[in-house]
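One structure, as structure tokens, below. Some questions next.
One-based numbering, in listed order, for ligands and for the atoms of each.
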Amino acid sequence: MNKKLRKAVIAGNWKMNKTPAEATKLIEEIKPLVKDADCSVIVCTPYVDIAAAMEATKGSNIGVGAENCHWEKSGAFTGEVSADMLSSMGVQYVIIGHSERRTYFGETDCTVNKRIRAALDSGLAVILCVGESLEQREQGITDELVAMQTKIALGGVSKDELKKIIIAYEPIWAIGTGKTATAQQANEVCAVIRETIKKLYDAASADAMTVQYGGSMNAKNAAELLDQPDVDGGLIGGASLKPADFAEIVKAASR
Ligand SMILES: O=C[C@H](O)COP(=O)(O)O
């Protein structure tokens, strides 16, 4: 499929930022700036901001996502939030397997797979994050690692369910560091992910798959990254908290 036929997806990952009142304010600022976007626009917020985000995005072209979900439907899991709880609030997307969850909260490829299963069963679309550390890149194992993360995460996911999955390639060394992967590096690994989908499913599924890049994407470097044939959008951290910068990235994805 021609890249142009895959609509770009720009998702903000707010991480642990913004109170509900601040979330409303930020969305109100973003809304007019992205209203003519020719790409999907999503904001993924902390759990406590979801009600405010649902309210503020009403009637707009901005979708709302969460930053994680548990794999069980309910039970004794203090501090966790289920996929059903999120979908009951109108949430459409959930980020799963972000490297910060893997690094700081012990998440593994296996728990990522369980969370994806739960999210799909609750009707949520998933933004699955994969990516290598600097050490792994230097060892030359980026492609194998990213392919393996993708395969394990998608275990038991049908071809039909795959349509509700977006994959974000996020090299850990580029997250929040100001160190962006070059457009070529980003494209190479996004292509590896697409090839992995082709092997696991088929060429049509690989062609239709949205593969984002994430890691210090900003208003200045977005156009070059988003111009790459296998980069279909971005998962944006820091710049998603700055309305003008986020809007600039959305504009770059709309070309
Ligand atoms: O999920 C977003 C990524 O972790 C990228 O964060 P960043 O844009 O602040 O580098």
Side-chain angles (χ1 to χ4, degrees), residues 8-18 23 26 30 34 39-47 49-50 53 62-69 91-105 107 112 115-116 119 124-134 136-137 142 145-146 149-150 153 165-183 185-187 189-190 193 210-226 228 231-253:
V9 180
I10 299 296
N13 173 10
W14 290 6
K15 308 193 177 184
M16 196 173 73
N17 291 291
K18 305 295 171 189
L26 179 54
I30 292 172
V34 304
C39 66
S40 299
V41 182
I42 303 164
V43 291
C44 298
T45 78
Y47 295 134
D49 294 341
I50 284 170
I62 303 176
V64 175
E67 298 176 14
N68 199 12
C69 70
V91 168
Q92 301 138 285
Y93 301 88
V94 61
I95 297 173
I96 308 245
H98 192 281
S99 63
E100 286 149 18
R101 299 295 319 170
R102 297 178 192 250
T103 304
Y104 306 131
F105 302 99
E107 294 196 11
V112 165
R115 288 175 207 270
I116 289 180
L124 298 173
V126 170
I127 301 176
L128 159 66
C129 300
V130 297
E132 82 289 2
S133 65
L134 187 58
Q136 290 162 334
R137 175 160 282 268
T142 299
L145 183 96
V146 165
Q149 288 175 329
T150 304
I165 300 209
I166 291 167
I167 302 181
Y169 166 54
E170 297 210 318
I172 298 170
W173 48 270
I175 296 177
T177 56
K179 217 182 195 188
T180 321
T182 64
Q185 285 171 326
N187 192 62
V189 185
C190 288
I193 292 169
T210 298
V211 186
Q212 299 174 313
Y213 168 77
S216 298
M217 191 186 275
N218 58 40
K220 286 205 177 83
N221 61 25
E224 194 192 356
L225 287 159
L226 293 168
Q228 299 303 306
V231 179
D232 306 317
L235 184 57
I236 325 294
S240 73
L241 301 170
K242 300 175 190 154
D245 292 30
F246 188 59
E248 203 53 46
I249 298 170
V250 167
K251 202 168 139 197

Proximal ligand 1 atoms for G176, defined as those under 4.0 Å from one of its heavy atoms: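 Contacts of ligand 1 toward G176, numbered from 1: 7 (P), 9 (O), 10 (O).
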First locate atom CD1 of I165, then atom CG of L124, and finally report the distance between them rounded to the nearest 0.5 Å.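 I165 atom CD1 to L124 atom CG measures 11.0 Å (nearest 0.5 Å).
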Could you tell me whether Q136 atom CD has more than 12 heavy atoms of other residues or ligands within 6.0 Å of it?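 Yes - once you tally the heavy atoms of other residues, nucleotides and ligands closer than 6.0 Å, there are more than 12.
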For E107, what residues pass the salt bridge (Lys or Arg N to Asp or Glu O under 4.0 Å) criterion, not counting sequence neighbours?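 In terms of salt bridge (Lys or Arg N to Asp or Glu O under 4.0 Å), with neighbours along the sequence ignored, E107 is linked to R101, R115.
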Considering only protein heavy atoms, which is closest to atom 9 (O) of ligand 1, and at what distance to one decimal place?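 The closest one turns out to be G238 N, 2.9 Å.
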Does ligand 1 have a heavy atom under 4.0 Å from the side chain of A174, from its backbone, from both, or from neither?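 Just the backbone.
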Tell me the protein heavy atom at minimum distance from atom 8 (O) of ligand 1, and give that distance in Å.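 Atom 8 (O) of ligand 1 sits closest to the protein heavy atom G237 N, 2.9 Å.
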Just to check, does A168 reach to within less than 4.0 Å of ligand 1 when the distance is taken from its heavy atoms?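 No, A168 has no heavy atom closer than 4.0 Å to ligand 1.
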Under 4.0 Å from a heavy atom of S216: which atoms of ligand 1 are those, numbered in the order shown and with their elements?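 Matching atoms, with element in brackets: 7 (P), 8 (O), 10 (O).
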So, is T177 polar-close to ligand 1, with some N/O to N/O distance under 3.5 Å?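 No, there is no polar N/O contact under 3.5 Å.
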To check your reading of the model: name the closest protein heavy atom to atom 6 (O) of ligand 1, its residue, and the distance in Å.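 The protein heavy atom lying closest is K15 NZ, 3.2 Å.
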Who's the nearest protein heavy-atom neighbour of atom 3 (C) of ligand 1, and how far?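 Minimum-distance protein heavy atom for atom 3 (C) of ligand 1 reads E170 OE2, 2.9 Å.
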Should I96 and C69 be marked as a side-chain contact (heavy atoms from CB on, under 4.5 Å) after you check the CA-CA gap, both sets of side-chain angles, and the distance that decides it? CA-CA 7 Å; I96 308 245; C69 70; 3.8 Å; yes
Does ligand 1 have an atom that lies less than 4.0 angstrom from a heavy atom of A239?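 For ligand 1, residue contact (heavy atoms, under 4.0 Å) with A239 is absent.
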After noting the C-alpha distance and the side-chain angles of I95 and E100, does the key distance pass the side-chain contact (heavy atoms from CB on, under 4.5 Å) rule? CA-CA 11 Å; I95 297 173; E100 286 149 18; over 6 Å; no
Could I get the full list of side chain to side chain donor-acceptor pair (under 3.5 Å) partners for T177, not counting sequence neighbours?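 Scan of T177 (side chain to side chain donor-acceptor pair (under 3.5 Å), adjacent residues dropped) gives none.
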Considering only heavy atoms, does L235 approach ligand 1 within less than 4.0 Å through its side chain, its backbone, both, or neither?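 Both parts.
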Kindly compute the distance separating SG (C129) from CG (N68), expressed to the nearest 0.5 Å.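 Between atom SG of C129 and atom CG of N68 there are 10.0 Å.
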If you round to the nearest 0.5 Å, how far is CD1 of I10 from CD1 of I249?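 Between atom CD1 of I249 and atom CD1 of I10 there are 7.0 Å.
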